[in-house]
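Note that the structure is predicted; figures quoted are calculated from it, not measured. We use all heavy atoms of the structure for the numbers below, so side chains are in, but hydrogens, waters and symmetry mates are not. Letters A, B, ... are given to chains in the order of the sequence lines, protein chains preceding strands, and every chain is numbered from 1.
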Amino acid sequence: MDSFDELDLSPIMRRAVKDAGFTTPSPIQAALIPHALNGKDVIGQARTGTGKTAAFSIPILEQLDSLEDCRDPQAIVIVPTRELADQVAAEAERLARGVPTEIAVLSGGKNMNRQLRQLENGTQLVVGTPGRVHDHLQRGTLRTNNVWCVVLDEADRMLDIGFRPQIERIMRKCPRNRQTLLLSATLPPVVRRLAESYMHEPVVIDCCRDEMAVDTIEQRYFTIAQDDKVKLLESLLKREKPEQAIIFCRTKRGTDRLHRKLSHEYGGACGAIHGDLQQRERDRVLQKLRDGNLKFLVATDVVGRGIDISTISHIVNFDVPQDCDDYVHRVGRTGRMGRDGVAYTFVVPGEGDILTSIEQRINKLLIRDKMEGFESPAEKAAAVAAAAPEPEKELRRTLNPMTRKRPRRR
DNA sequence: AAAAAAC
């Protein structure tokens, strides 16, 4: 499809889409929008950074009744993090330009009174995180009788064990004959099967086929000893000179630790984000990154999904991700909308299996990278042995305490 | 055993 004009959109929406800078619909947009406009339930899988947010926002905005006709929310979009809620709302806002549209973000860590006021004054579209949306449902401040569409963005995450009970309660509170849209870059078969129990004869759209990761992202790995990771990272940043980079760690503490170490060298150009920080600080750091005032962001998986910053040139998995799908999402923070990106993964001895399963998942081999001075112990030994086999043998014997202490036998 | 998500 060459143009948004081929989609059955109102003139005012066409104008808004054009003004927002969209020209040609991406595959997921071309496939999903017609079904959504027809009121169908949809399960949609499409690679990271290919425009899923606009794909569900456009048909929703197109079909919203005006605030005069309906004061209560008509559509609810649920996402896994607070920052993603802000981002999705901002994008919907951008696409709604030209038509006054009341969009409320209902997420935690934010002023409750403001949210109550917005709901009271009339809201057409709600974007929120599970806990706070559920809270508003309990309080009776979020009325669902006029909700005709529910979207689960990052649907596989929303339906995993940590979120599922809350999601199920939210869905149960919405009208049965509503439309349900599920989207993610990763939708394993088990999640698809589970999803169908919340949906009515869903259309399945698969824009990935066998290619999970975006092909404009170069994916590399280093084998490295745990203790050498920080030094390798510093050398890598010097070699690569990223425009901007996100460096993922496994834990919140590890994120703080690495941030402190990098700050010695990079100072204010380096920031950190994780779920133990105050929401104000999280927002401040992410805004700095968006404004280009931050070169490096050390982070947990709180920014592993959805966050869209086109100037992120590099991803570093300082710690390997928890599972293959998390890998796909982290790496997808670069290479947005056809741009180039590079992703590095640090693999310590014993994590070889994880690397293999990632490669199987994305159906592609990662390129092995090397940095001078960071050879593995085995490589060092091999290199030295190749250069000078005899002296090395001698050296090892004299350095070995067992050999030294024990009297030699003939 | 991790991270995220309500006060």
Inset, instruction - Could you check whether A/Gly162 gets within reach of a base, just the sugar-phosphate, or nothing at all, counting any heavy atom under 4.0 Å? - result: base
Inset, instruction - Kindly say whether A/Gly332 contributes a backbone atom to a donor-acceptor pair with the side chain of A/Arg336 at under 3.5 angstrom? - result: yes
Legend entry - Atom-pair distance (CD on A/Gln279; C1' on B/dA5), nearest Å: 11 Å
Inset, instruction - Check every strand shown and say whether A/His274 touches a base, only sugar-phosphate, or nothing at a heavy-atom separation below 4.0 Å. - result: sugar-phosphate
Legend entry - Nearest-angstrom distance from the residue atom CD of A/Gln322 to C1' of B/dA1: 8 Å
Inset, instruction - Validate the cation-pi geometry between A/Lys231 and A/Phe374: distance from NZ or CZ to the six-membered ring centre under 6.0 Å, angle to the ring axis within 45°. - result: no
Inset, instruction - Check whether any side-chain nitrogen or oxygen of A/Thr300 sits under 4.0 Å from OP1 or OP2 of B/dA4, and answer yes or no. - result: yes
Legend entry - Any A/Arg82 side-chain N or O less than 4.0 Å from OP1/OP2 of B/dA6: yes
Inset, instruction - Indicate, with a heavy-atom threshold strictly under 4.0 Å, whether A/Gly304 touches base, sugar-phosphate, or nothing. - result: nothing
Inset, instruction - Please lay out, stage by stage, how A/Glu83 and A/Arg290 fare under the test salt bridge (charged side-chain N to carboxylate O under 4.0 Å, His left out). - result: CA-CA 12 Å; A/Glu83 289 76 13; A/Arg290 288 190 194 280; over 6 Å; no
Inset, instruction - Using atom CE of A/Met112 as one end and atom P of B/dA5 as the other, report the distance to the nearest whole Å. - result: 15 Å
Inset, instruction - Verify the contact: side-chain N or O of A/Lys252 to OP1 or OP2 of B/dA4, cut-off strictly under 4.0 Å; return yes or no. - result: yes
Inset, instruction - To the nearest Å, give me how far apart CZ (A/Phe163) and C1' (B/dA6) are. - result: 12 Å
Legend entry - Output field: ring centroids A/Phe296/A/Tyr266 closer than 6.0 Å: yes
Legend entry - d(CD1, A/Ile273; P, B/dA2) in whole Å: 20 Å
Inset, instruction - Could you state the atom-to-atom distance from CD of A/Glu154 to C1' of B/dA3 in whole Å? - result: 14 Å
Legend entry - Side chain A/Thr81, main chain A/Leu84, donor-acceptor under 3.5 Å: yes
Inset, instruction - Can you tell me the distance, in whole Å, between the CG atom of A/Asp301 and the C1' atom of B/dA1? - result: 14 Å
Inset, instruction - Would you indicate what A/Arg282 reaches in the nucleic acid, counting non-hydrogen atoms under 4.0 angstrom: base, sugar-phosphate, or nothing? - result: sugar-phosphate
Inset, instruction - Establish, with yes or no, whether the OP1 or OP2 oxygen of B/dA1 is under 4.0 angstrom from a side-chain nitrogen or oxygen of A/Thr251. - result: no
Inset, instruction - Would you kindly give the CG-to-C1' distance between A/Asp319 and B/dA3, to the nearest whole Å? - result: 13 Å
Inset, instruction - Using a heavy-atom cut-off of under 4.0 Å over every strand shown, decide if A/Asp135 touches base, sugar-phosphate, or nothing. - result: base
